[in-house]
Amino acid sequence: MTGWSQALSAHPAPTEDAATLTGNRGLQLEEKLIFEQDSAGLSGVDLPEPPVHKSRLGGLERREPIGLPGLSEPQVVRHFTRLSQKNYAIDSGLYPLGSCTMKHNPRINEKMARLPGFADIHPLQPASTIQGALELIDTLAHWLKILTGMPAVALSPAAGAHGELCGMMTIRAALTAQGDARQRILVPESAHGTNPATAATCGYAIDPIPNNARGRVDLAALKAKLGGDVAALMLTNPNTCGLFEDEILEIATAVHAAGAFFYCDGANFNAIVGRVRPADLGIDALHLNLHKTFSTPHGGGGPGSGPVALATALASHAPLPWVVHGDKGLSLLEHAEGLAARTIGRLKGFHGQMGMFVRALSYIMSHGADGLKQVAEDAVLNANYLRVRLAGTLSQSYPGSCMHEVLFDDRFLKDTGVTTLDFAKSLIDEGFHPMTMYFPLVVHGALLIEPTETESKASLDQFADTVNGLAVRAKSGDIAGFHAAPRLTPRRRLDETGAARKPLLRWRPESPSREAAE
Amino acid sequence: MTGWSQALSAHPAPTEDAATLTGNRGLQLEEKLIFEQDSAGLSGVDLPEPPVHKSRLGGLERREPIGLPGLSEPQVVRHFTRLSQKNYAIDSGLYPLGSCTMKHNPRINEKMARLPGFADIHPLQPASTIQGALELIDTLAHWLKILTGMPAVALSPAAGAHGELCGMMTIRAALTAQGDARQRILVPESAHGTNPATAATCGYAIDPIPNNARGRVDLAALKAKLGGDVAALMLTNPNTCGLFEDEILEIATAVHAAGAFFYCDGANFNAIVGRVRPADLGIDALHLNLHKTFSTPHGGGGPGSGPVALATALASHAPLPWVVHGDKGLSLLEHAEGLAARTIGRLKGFHGQMGMFVRALSYIMSHGADGLKQVAEDAVLNANYLRVRLAGTLSQSYPGSCMHEVLFDDRFLKDTGVTTLDFAKSLIDEGFHPMTMYFPLVVHGALLIEPTETESKASLDQFADTVNGLAVRAKSGDIAGFHAAPRLTPRRRLDETGAARKPLLRWRPESPSREAAE
Amino acid sequence: MRYLPLTPADRAEMLAAIGATSIDELFADVPATARRAGLVDLPLAQGEIEVERALSKMAAKNIAAGSVPFFIGGGAYRHHVPAAVDHLIQRGEFLTSYTPYQPELAQGTLQALFEFQTQVALLTGMEVANASLYDGATACAEAVAMAHRITRRGKAVLSGGLHPHYREVCATYAQFSGLEVEALDPSPGIVEKIDLDNETACVVVQNPDFFGELRDWSALAARCHQQGALLIVAVTEIVSLGAVKPPGAMGADIVAAEGQGIGNALNFGGPYVGLFAAREQHVRQIPGRLAGQTTDTDGRRGWVLTLSTREQHIRREKATSNICTNSGLCALAFAIHLALLGETGLTRLARLNHAAACNLADRLAAVPGVRLVTGSFFNEFALRLPIPAAEAVTVLAEKGVLGGVAASRLYPERDDLADLLLVAATEMVTQQNIDSYSDALAEILR
Amino acid sequence: MRYLPLTPADRAEMLAAIGATSIDELFADVPATARRAGLVDLPLAQGEIEVERALSKMAAKNIAAGSVPFFIGGGAYRHHVPAAVDHLIQRGEFLTSYTPYQPELAQGTLQALFEFQTQVALLTGMEVANASLYDGATACAEAVAMAHRITRRGKAVLSGGLHPHYREVCATYAQFSGLEVEALDPSPGIVEKIDLDNETACVVVQNPDFFGELRDWSALAARCHQQGALLIVAVTEIVSLGAVKPPGAMGADIVAAEGQGIGNALNFGGPYVGLFAAREQHVRQIPGRLAGQTTDTDGRRGWVLTLSTREQHIRREKATSNICTNSGLCALAFAIHLALLGETGLTRLARLNHAAACNLADRLAAVPGVRLVTGSFFNEFALRLPIPAAEAVTVLAEKGVLGGVAASRLYPERDDLADLLLVAATEMVTQQNIDSYSDALAEILR
Ligand SMILES: Cc1ncc(COP(=O)(O)O)c(C=O)c1O
Ligand SMILES: Cc1ncc(COP(=O)(O)O)c(C=O)c1O
């Protein structure tokens, strides 16, 4: 600790970045845009010259150059290798992004997803040639039904938000079928942004409900708002404060009593997988993020997969396609007919995120029922361990134990001149990805920490020691050091306001990018 | 340039490394040994409990614990990911290690080598089940024979030095067969260390021959040494000064006239592949490094593959096994019998580096005869371009054009107080791997630069600008800056002398490593 | 369990530190009636060997496209993806990182997205593009919604040449957002009549259309703009833009495309990557993420996610879309593959595809009873057969040829399309494949 | 050509800068008679699609071990390698880096090698290990040469149980370095008599031996040491050390082992990884590279290659070996796989192998006419058949079973071994495989 303040003062001036001729700093390598590395005519792909033949493009030949740069394979491999080296990832270290469940991504899942029998099959092949694919989907659905306790699961949604949309659409379809035109969706203030956005996309009006002092839905306020115009409650459980909605049964009863449906955002399913079945909580629809609980890699922003478990009242409205068992084995029901006559229709091209299904099933089979239960327990244990390790220095927003993630707010930074943002950025220099900041919105300067079950105790201890150490420093008043953070990354704090004021969203030959790069 | 000196002075004190609590520095992450991360009982591999059965280990059960640490898969993946991030590689940038031909390693080669039909076949499977493997070996041999112009090629050697050994053994076998017990091998002073070491391993005495002022073998000195006791000349061509032995035909004639064989170290084949056939130079035996000219990845030290092309006089002594065409297709001749009666015997278990053969053939087929010729031309062009770009500041050891690599010595550093080592280490901070240093031994403070053909002109220009800039700085007398280099790597200059004085070659529970790590 | 680093000892120690006597205590908030000791009737944990065996067995029950003569398109295309692409997207720093909300730790992903956006803009001939959406079909629905926001009009007209899945997804979204969708009937080979009025927010066309037909939509664009409507052009085979006049040059206001054809495998339909491009003037109405250039504290160029005020995590119910996770890694694969191809590679790839399709079309149209319906096309076209196309597809499959898509699979209700077969050819098709196909088809129709 | 970044324009510009009028000028030193415009009768450049097609075709002509009941060992073993291993060794920073001569740019490789050396030392029960050699056979030859350097004696005695390839490689090396090799006859099942004299530099034994037999060599070690000779123990199946008493515990002075069984595929025999371990007192006689711990300018722990004065690049003809490039990446794969296994995983893996072999031995020995020759074994054993083993192997292969190695393939000259079949079973063998094998064998011998 002592060495630190001294070192901070000894912190090199920004001009240190001029310290090398290349701008490279040892293993930290600068990299221009591919457009700035163009060698006209080069290509990293060798293709034969097409046989001469008469064009049938009907005069629509593309005549202007496209403007793509020419690079050889070595240049492209080096370019993207260097870019990757500017990223932090789960593979690099602890990634405690609350609400994101950044757990280890097993490599066997990647290998399985690349088997030609899964990766090299076309969605429109005849059913007889894709029985194994349908079997895989059916097997995954079976697992998800048992894990949620719900009778049906719609697999086509492409991510969590898409799953929310699917769920809300089935709810609206069910109500409409009853000739019931309810217009309002109740959404707690702590909800993730996709919840209200989804409800709106589904044509609904949003009615926010407050949290109580215990970080849960204010049951009284909820009941007060429930009425004939409420189509559904969209609740996240465990919620975004990392807490289990302990009055959830009362909530469900109230919602149903009001003739509304109970939608649950299952993004935080990791806390309860294998231990609690949403069906037992009175939930009518719930989406799961395979890219969270079931470890399909987040890939720097996707792809994901957001299957939705549906109660009987909603199941018949599930989106197309359906996988059905028939005399000729498994097949796809792709049109609003027969069993699927009441479907909301199609939500996506083809049949869903097959590549993610394979990874998720590989993950599920690897854990088995026993392993999944252990996942939930270790996830909750790790979060609570961090909670107590940090309790001394940070300010926990809601007392008591948490589920898979723990929420702090910025009270501990009061009067230090250090903001939640500064604090998080200083973690970056320490080699950690920051926790989720300023979400949920129900507390001030939120810091939401989710370690996941794939972190070792040693890893948690190092993180806790660091956070505590930084908290002490913040209180000891080294504002400059925090404002200056991060100091050790390929780029220091980036000007987001400036970026939004004058958006530069693509490279242009004459754009500043070029100069900037010289 | 101006900013630089200022920055160098602003160079942070070593204590900057205390600047973080974790010792991590943003994306540069510290990592302990796996032995320091042991959690007894953990394993990253789940295996079923074996059925109970009576042991047949004959009382040789291992009773003491082995002492291996227990880690989960996430920890192991993170451990080796972090370690990899402390490495520089071709994928990161220019790697101008003279004599090592660090060229781009195409990924299609990796994919091909992993096809189950190649990776998952056993060397002792019946011939009928491995016809494709033998066909691949035979096809690669065909290419190498045509590229060298020589009638036979022995594929089993595992690397260049092993190929040298193979070649020298066939030479000795051929002489012995003639009842000729010659004892001396002539080796130029510029030769790579493996040459004399190999000759010694083969039971020969080494007799060094000097270079002439032009960086080639001194023909007169060579002739003077040639005599009835000389078994062979081991010459590298192009030689380790990056020069083509322009008197090679005279050399060959003289060697043969003396009744000796002419062995050529073909490590530098990249300079002439597709343009010059060693057979046309009077060479009797030559090894190729598939891990250089033919791009099989160097893997941080291997594996390699060192096929040896042999003249008719030596071919019959080629090591086992041989691939032969028969009525039942291709087969392996694995014993000293029939055709192979005069073999030197077996040099290695099984049949050679199949995995490397696949990669090399994939590389060769991708280039074709035309591409390979272009490889040689671009390799030589790139080296000469650097030669002229650097001529102004560095001191080229031998005037005139070079082949695939260019040799400089430390005359340009005279009186600067900066050594070749300092100079090379300062390149590390600039984001480049240094050139080969202090080899060959025939010049003082050698700097041997081999860019290879897979570097773009832009890459060469940036390197040249940097080297020139550093040379100017060295002459301007900033000794401290050079002695301090590298400053920006995960570790700064390492104490090699200390390491050799008190060798610590493994971790031990009680060893200093542990403390050092705390 | 190999993925769980906690030992029993760790767990005990941590529980003690927490002050809990058992893990159950931490689940105390769960209603007693919902607490479960565990789940019954489900398999237990398995090792890699067992999992690999079981999944490989399932995979083996499918016929991989690469193992047979293969001619299926219909919105997903089998192109060669260089080994370097898969190698690079599997680097842990790309594969296991989250959405780049912390730019200082994600410059790699952000710069790649900035390059991706530029590539998409260039390819489509548009001014700006976003950082990807789920797929082409959802991108199309988002485009319709965007047109609605911009024009404040309630009707979307969908061309009969629009991919049925795109049409259906637009319809599903619209049905709930209260938009009226007018979907024209498919009319392969015939130029359709598109009516606009001042309620029309947008017209959605596809090029090449679902039946492979290429059209210049410039005139329609002009009409749309006169009427104050937007022209949305969907592209389901992105490789076509290596040879075909881009939507931007036809006056499109928004382009919604499927990017799978570059960098991504067939994957039985997903994950794919939705491309979304538009005119700069509408940038604040664009759905999804945008990477933008900026500078850091030291004045150096860098990248961030920008214009987030459009997005759900800031704007909530007022966001331009509810999308959060998109198709990041597929977009990266697209960017890498396209960086490898470059101008020369992509244009040649497109020409190869067109050549293969022309070759195939001639061969198949020469089969007695077969008629080529599509006039001008890129790498896919429609045939009329003397027998139901569905039947032909089945029999061809039995003969080991995956010969295309029967229009009836997507338009079961349209008897007039029962004999229509969609056939595609890419650079992966060999002369031998083409021979096998035409022989098999001739045999069937004999 | 996709791997060549220079454009024609670059080449012209660079030639001009060099002051050459043509590329040929740069080859002026090549004797005119040896200059070639190019090479005739060789194929020209091909794209990835064509190369992949051609090589896949060759690969398809081989029967992959994983596709049939598989029981071949004899020095190379088919074990499961976790996907994480191959993923990690393919990271460019490992795959495309050179030997770590610049430690500041290679701490990753160096630390991994230091961990590898420790793992090998622990596994073999020895004090120190090197950073790998080519393979087990060459490691064995290097061990003999090292014993020669240490003892200054001229004779090496090789047990008849030593893998014939190891024996042959030792013989080849010795024949040229002037060492006398006394190779005892193979005597499966029978304890051989080994004589030593004061000319004996070393005795080389194998455990388990080539026929699968396990022996405790402690007594021999004692005799060797009395005689001033060294005991070299070869291990061809490294997994055995997860269950079997290690050579170090038997008094071995040098261990030469094949490491393929951990982390590496069968690869038709290569690349593999030679493991080499010895007593600390002989460290300066060890061949090959050694990673050692040290500190940097700031006093922090780091790693370097050390004791290079043993090596060819410093010591030239006086080096302990001529080896330079070794098996770096295979050693890394070994280190990663073993790190994943850990104490629990490796010991269990070994027990699984032994269990499978016991199960198989019982089943096959029960086949009429078959006799189990090996008394105590790990995962491989020898059988005597009523027919020539070579014939059995061929017929089994026709029935789709790769049933083992006929001793006659390695000892064609030994008629007494003609009926001897070597059979191995690893964790990859299923009960079903075992059934198929015993059924097929019974059928053949019926
Ligand atoms: C609580 C919650 N709900 C919904 C979502 C949206 O999921 P996705 O990003 O997969 O659309 C997220 C993901 O960030 C989330 O954390
Ligand atoms: C000129 C020369 N000869 C021989 C060798 C030895 O080759 P290998 O390392 O493959 O044994 C090398 C490799 O460094 C070399 O550069």
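We name chains A, B, ... by the order of the sequence lines, and we start the count at 1 in each one.
With hydrogens and angles ignored, the 3.5 Å screen pairs a side-chain donor or acceptor of Thr172(C) with a backbone N or O of Arg346(A). Panel note: side chain Asp246(A), backbone Asp29(C); no donor-acceptor pair is recorded below 3.5 Å. Between the side chain of Asp120(A) and the backbone N or O of Ala265(C), no donor-acceptor pair lies under 3.5 Å. Between the Arg506(A) side chain and the Ala121(C) main chain, no donor and acceptor come within less than 3.5 Å of each other. Between the side chain of Glu168(C) and the backbone N or O of Gly345(A) there is no donor-acceptor pair closer than 3.5 Å. Without hydrogens or angle criteria, His335(A) side chain to Arg409(C) main chain gives a donor-acceptor distance under 3.5 Å. Checked by atom type and distance alone, the side chain of Glu343(C) pairs as donor or acceptor with a backbone atom of Leu68(A) at under 3.5 Å. Formation of a donor-acceptor pair under 3.5 Å by the Glu93(C) side chain with backbone atoms of Ser84(A) is not found in this model. Under a 3.5 Å cut-off, the side chain of Thr325(C) and the backbone N or O of Ala159(A) do not form any donor-acceptor pair. Of the possible polar contacts, none joining the His122(A) side chain to the Ala65(C) backbone as a donor-acceptor pair under 3.5 Å is found.
For Asn326(C), the parts lying near chain A are the backbone and the side chain together; criterion is any non-hydrogen pair under 4.5 Å. For Ala60(C), no part sits under 4.5 Å from any heavy atom of chain A, backbone or side chain. Proximity to chain A (any heavy atom under 4.5 Å) is restricted, for Val304(C), to the side chain, taken from C-beta onward. Of the two parts of Glu13(C), only the side chain, counted from C-beta on, holds a non-hydrogen atom closer than 4.5 Å to a non-hydrogen atom of chain A. The part of Phe70(C) that comes within reach of chain A is its side chain, from C-beta onward, which places non-hydrogen atoms under 4.5 angstrom from that chain. Proximity to chain C (any heavy atom under 4.5 Å) is shown, for Ala199(A), by neither the backbone nor the side chain. In this structure, chain C has a heavy atom under 4.5 Å from the side chain of Tyr95(A), while its backbone stays farther away. The contact between Met365(A) and chain C is made by backbone and side chain atoms together, counting heavy-atom distances below 4.5 Å. Looking at Leu26(C), the atoms closer than 4.5 Å to chain A (heavy atoms on both sides) sit in the backbone and in the side chain alike. For a residue to count as touching a neighbouring chain, one of its non-hydrogen atoms must lie under 4.5 Å from one of that chain's; by this rule Arg91(C) touches chain A with the side chain only. Residue contact with chain A, scored on non-hydrogen atoms closer than 4.5 Å, involves the side chain of Pro82(C) exclusively. With a 4.5 Å cut-off on non-hydrogen atoms, Leu88(C) touches chain A through its side chain but not through its backbone. In this structure, the portion of Lys373(A) lying under 4.5 Å from any heavy atom of chain C is its side chain and not its backbone. Only the side chain of Arg2(C) has a heavy atom closer than 4.5 Å to any heavy atom of chain A. Contacts of Tyr166(C) with chain A are absent, with no heavy-atom separation under 4.5 Å from either backbone or side chain. For a residue to count as touching a neighbouring chain, one of its non-hydrogen atoms must lie under 4.5 Å from one of that chain's; by this rule Leu241(C) touches chain A with backbone and side chain alike. Looking at Leu338(C), the atoms closer than 4.5 Å to chain A (heavy atoms on both sides) all sit in the side chain, from C-beta outward. Heavy atoms closer than 4.5 Å to chain C are found in both the backbone and the side chain of Met169(A). Both the backbone and the side chain of Thr109(C) have a heavy atom closer than 4.5 Å to some heavy atom of chain A.
With sequence neighbours excluded, the residues that form a side-chain hydrogen bond (donor to acceptor under 3.5 Å, both in side chains) with Asp86(C) are Arg114(A), Gln90(C).
Between His104(A) and Tyr3(C), the ring planes are tilted. Angles from 30° to 60° get that label. The aromatic rings of His163(C) and Phe350(A) sit perpendicular, their planes meeting at an angle over 60°, well past the 30° parallel limit.
Residues Trp507(A) and Thr118(C) approach most closely at N-OG1, 2.9 Å, considering heavy atoms. Here the shortest heavy-atom pairing between Val51(C) and Ser362(A) reads CG1-OG, 3.7 Å. The two residues Pro100(C) and Gly300(A) have their closest heavy-atom pair at CD-O, 3.5 Å. Heavy-atom minimum distance, Asn87(A) versus Ser97(C): ND2-OG, 3.9 Å.
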>> Test salt bridge (Lys or Arg N to Asp or Glu O under 4.0 Å) on Arg35(C) and Asp280(A); report intermediate values, then the result.
In response: CA-CA 9 Å; Arg35(C) 279 180 228 156; Asp280(A) 299 335; over 6 Å; no
>> Pair Glu49(A), Arg351(C) - check salt bridge (Lys or Arg N to Asp or Glu O under 4.0 Å), show working.
In response: CA-CA 9 Å; Glu49(A) 188 48 47; Arg351(C) 285 186 288 117; 2.8 Å; yes
>> Applying ring pair (Phe, Tyr, Trp, His ring centres under 6.0 Å) to His313(C) and His192(A), what does each step give before you reach the verdict?
In response: CA-CA 7 Å; His313(C) 62 281; His192(A) 188 267; 8.0 Å; no
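Lys86(A) and Gln111(C) share no side-chain donor-acceptor pair at under 3.5 Å. Defined by atom type and a distance below 3.5 Å, a donor-acceptor pair is missing between the side-chain atoms of Gln46(C) and His367(A). No side-chain donor from either of Thr297(C) and Arg492(A) sits under 3.5 Å from a side-chain acceptor of the other. Side-chain atoms of Asp495(A) and Thr295(C) form no donor-acceptor pair, as typed in the model, at a separation below 3.5 Å.
Under the 6.0 Å distance and 45° angle rule, Arg275(A) counts as a cation-pi partner of Phe27(C).
Your options are Ile63(C), Thr99(C), Asn62(C), Thr294(C), and the one with the most heavy-atom pairs under 4.5 Å with chain A is Asn62(C).
The distance from atom SG of Cys358(C) to atom NE2 of His53(A), rounded to the nearest 0.5 Å, is 5.0 Å. In this structure, Ile146(A) CD1 and Leu42(C) CG are separated by 4.0 Å, a value rounded to the nearest 0.5 Å. Taken from CG in Leu505(A) to CD in Gln293(C), the straight-line distance is 10.0 Å, to the nearest 0.5 Å. Annotation: the span from Ile18(C) atom CD1 to Asn384(A) atom CG amounts to 5.0 Å, rounded to 0.5 Å. The CG atom of Leu346(C) sits 4.5 Å away from atom CD1 of Ile66(A), with the distance rounded to the nearest 0.5 Å. Residue Ser327(C) holds its OG atom at 6.5 Å from CD of Gln353(A), rounded to the nearest 0.5 Å.
Here Asp135(C) pairs with Lys348(A) in a salt bridge; the nearest charged N to carboxylate O distance falls below 4.0 Å. A salt bridge does not link Arg493(A) to Glu104(C): none of the charged side-chain nitrogens sits closer than 4.0 Å to a carboxylate oxygen. With salt bridges taken as basic N to acidic carboxylate O contacts below 4.0 Å, none links Arg491(A) and Asp298(C).
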